[in-house]
Amino acid sequence: MMASSNSASAVTQSKRSFGQVLRSYFYWTYSRGSFHYDVMVTLILLFIFITPQLWDYGAKPSSIAASSHPFQVVPNGRGVIITVQASDVTVPAGASNRQVKKLLRKAIEPVTGDDVYIEHWETALDAQGNLTWKVWAHR
């Protein structure tokens, strides 16, 4: 009698509609080691390993060339003062304040990230007599 009830339940399980099978996948009703459980795990793994190649998540390496000199970063009350060598920032003669600000922001991006506000800047000389930019910035 047990054999007939097991075979009857197997027949009713095999005759389920496609919607019922999908519903049982959604609610994860299959026991570990069963065929449908293995199918679900395989689909999840395929999703994890294939989708990064198919979709553009916008993650791109920084296009900023590394500076040839180290930055000096000093905290102040509202943010930081970043000292950048003038040779690392190419500012054309006659550049507007907006252009200078954009170039300085791009130069300090490796240190501050791209979410930073530049309050003001000035040129100065370092201990060796090299021209530098002092940039006051905060988030």
Side-chain angles (χ1 to χ4, degrees):
M1 196 170 205
M2 275 303 237
S4 66
S5 67
N6 284 342
S7 64
S9 67
V11 169
T12 57
Q13 258 191 340
S14 65
K15 295 201 180 224
R16 288 197 279 172
S17 71
F18 184 70
Q20 290 172 326
V21 172
L22 284 180
R23 189 175 307 121
S24 63
Y25 274 30
F26 180 77
Y27 290 110
W28 200 276
T29 60
Y30 295 104
S31 62
R32 192 173 191 176
S34 67
F35 171 76
H36 291 287
Y37 183 92
D38 292 342
V39 168
M40 290 187 295
V41 170
T42 302
L43 290 173
I44 290 169
L45 289 173
L46 286 172
F47 177 81
I48 290 170
F49 290 111
I50 291 176
T51 57
Q53 283 79 29
L54 298 177
W55 294 338
D56 179 21
Y57 293 106
K60 294 179 179 38
S62 177
S63 62
I64 300 169
S67 67
S68 57
H69 300 94
F71 294 102
Q72 179 184 5
V73 181
V74 179
N76 69 358
R78 290 183 37 147
V80 292
I81 302 170
I82 303 167
T83 304
V84 183
Q85 292 291 325
S87 60
D88 290 337
V89 183
T90 307
V91 178
S96 69
N97 280 346
R98 185 176 179 184
Q99 290 172 322
V100 173
K101 188 175 190 176
K102 185 177 179 181
L103 290 169
L104 288 173
R105 185 171 183 215
K106 195 169 209 62
I108 65 172
E109 191 173 310
V111 175
T112 61
D114 61 353
D115 186 25
V116 69
Y117 176 76
I118 295 178
E119 289 181 13
H120 69 279
W121 60 89
E122 63 184 40
T123 57
L125 295 176
D126 64 4
Q128 289 80 27
N130 299 320
L131 187 63
T132 61
W133 289 93
K134 283 191 163 201
V135 181
W136 281 258
H138 64 86
R139 291 202 181 269

Looking only at heavy atoms, which two atoms of [X] and [Y] are closest? And how far apart?
{"X": "L103", "Y": "P92", "result": "CD1-CD, 3.9 Å"}
{"X": "G79", "Y": "H138", "result": "CA-CB, 3.8 Å"}
{"X": "L125", "Y": "T132", "result": "N-OG1, 4.3 Å"}
{"X": "L131", "Y": "Q85", "result": "O-OE1, 3.7 Å"}
{"X": "A107", "Y": "P110", "result": "O-CD, 3.3 Å"}

Is there a side-chain contact between [X] and [Y] (heavy atoms, below 4.5 Å)?
{"X": "F71", "Y": "D88", "answer": "no"}
{"X": "V84", "Y": "I108", "answer": "yes"}
{"X": "H36", "Y": "V21", "answer": "yes"}
{"X": "W136", "Y": "I118", "answer": "no"}
{"X": "Y117", "Y": "K101", "answer": "yes"}
{"X": "I81", "Y": "W121", "answer": "no"}
{"X": "V80", "Y": "V74", "answer": "no"}

Spacing of [X] atom [atom1] and [Y] atom [atom2] [to the nearest 0.5 Å]:
{"X": "T83", "Y": "N130", "atom1": "OG1", "atom2": "CG", "result": "12.5 Å"}
{"X": "K102", "Y": "S96", "atom1": "NZ", "atom2": "OG", "result": "10.0 Å"}
{"X": "D38", "Y": "R32", "atom1": "CG", "atom2": "CZ", "result": "10.0 Å"}

Using atom types as modelled and distance alone, determine if a side-chain donor or acceptor of T51 lies under 3.5 Å from a backbone N or O of L54.
->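 Answer holds: no.
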Just by distance, do the side chain of R23 and the backbone of F18 share a donor-acceptor pair under 3.5 Å?
->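 A pair under 3.5 Å: no.
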For the hydrophobic clusters of this structure (ILVMFWY residues joined by side-chain heavy atoms under 4.5 Å, transitively), does one cluster hold both L22 and L46?
->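 No, L22 and L46 fall in different hydrophobic clusters.
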Does V41 belong to the same Ile/Leu/Val/Met/Phe/Trp/Tyr cluster as Y27, with side-chain heavy atoms less than 4.5 Å apart forming each link?
-> no
Y30 and Y25: aromatic ring centres closer than 6.0 Å?
-> yes
Other residues, nucleotides, ligands: >12 heavy atoms within 6.0 Å of K134 NZ | no
Look at atom CZ of R98 and say whether more than 12 heavy atoms of other residues, nucleotides or ligands are closer to it than 6.0 Å.
->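 Atom CZ in R98 is not packed in, count stays at 12 or less.
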Qualifying residues under side-chain contact (heavy atoms from CB on, under 4.5 Å), relative to I44, sequence neighbours excluded = W28, I48
